[in-house]
Amino acid sequence: MKKSNRPDWDEYFLEIALLVGNRSTCLRRNYGAVIVKDNIIVSTGYNGAARGEPNCIDTGVCIREQYNIPKGERYELCVAVHAEQNAIIAGDPVKMKGGTIYIAGRNSDGSLACSEPCLLCRRMIKNAMIKRVVFFDEEGRKKNIRFDAV
């Protein structure tokens, strides 16, 4: 019997998160997030400027890049809202409760970006009562975090 190339659910939703990240307005990294419950998409989000703010891809300026600020530092200088945050903001709290958030991204050179949520996003994920986070690590392996207190 021939083995199917059909992706499992985690692979499927991570691929969708990568696709959602194509809408990103960030010059450094393009992240997408997909919130799912019972294999049904509840919400999506990508990283980009807050509503009404100029997008970095339109201005051609990334403040954090301009000052060589490493990943994970000085988020307050960035005009962008993280993909996870945008997905949570757009989601219905009742539908997100107990669900899974899939996070995937690419660096500006097209390579896969490690997409473990930052500490602020972890707190938002917990407050949204999302039970599981699935993402790629630095080597492109699928990883997950469980928040069992939900």
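Quick caveat: nothing in here was measured; it's all calculated off a predicted structure. Residue numbers run from 1 in the order of the sequence given.
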Check [X] against [Y] and note the closest heavy-atom contact, atom names and distance.
| X | Y | answer |
| --- | --- | --- |
| Ala17 | Tyr102 | CB-O, 3.8 Å |
| Pro117 | Ile145 | CD-CD1, 4.5 Å |
| Asp10 | Asp8 | N-OD1, 3.1 Å |
| Pro54 | Val79 | O-CG2, 4.1 Å |
| Arg29 | Ser24 | O-OG, 3.5 Å |
| Ser43 | Ala87 | OG-O, 2.7 Å |

Problem set entry | Of Asn55, Asp58, Asn47, the residue whose pairing with Thr25 passes side chain to side chain donor-acceptor pair (under 3.5 Å) | Asn55
Out of curiosity, [X] [atom1] to [Y] [atom2], how far, rounded to the nearest 0.5 Å?
| X | Y | atom1 | atom2 | result |
| --- | --- | --- | --- | --- |
| Lys131 | Lys97 | NZ | NZ | 11.5 Å |
| Asn144 | Arg132 | CG | CZ | 5.0 Å |
| Asp137 | Lys142 | CG | NZ | 12.0 Å |

Problem set entry | Joint cluster assignment, Tyr31 & Val133, ILVMFWY side-chain distance < 4.5 Å | yes
Exercise. Salt bridge check: are Glu73 and Arg64 linked by an N-O gap of less than 4.0 Å?
Worked result: no
Problem set entry | Phe136 vs Ile103 side-chain heavy atoms within contact, under 4.5 Å | no
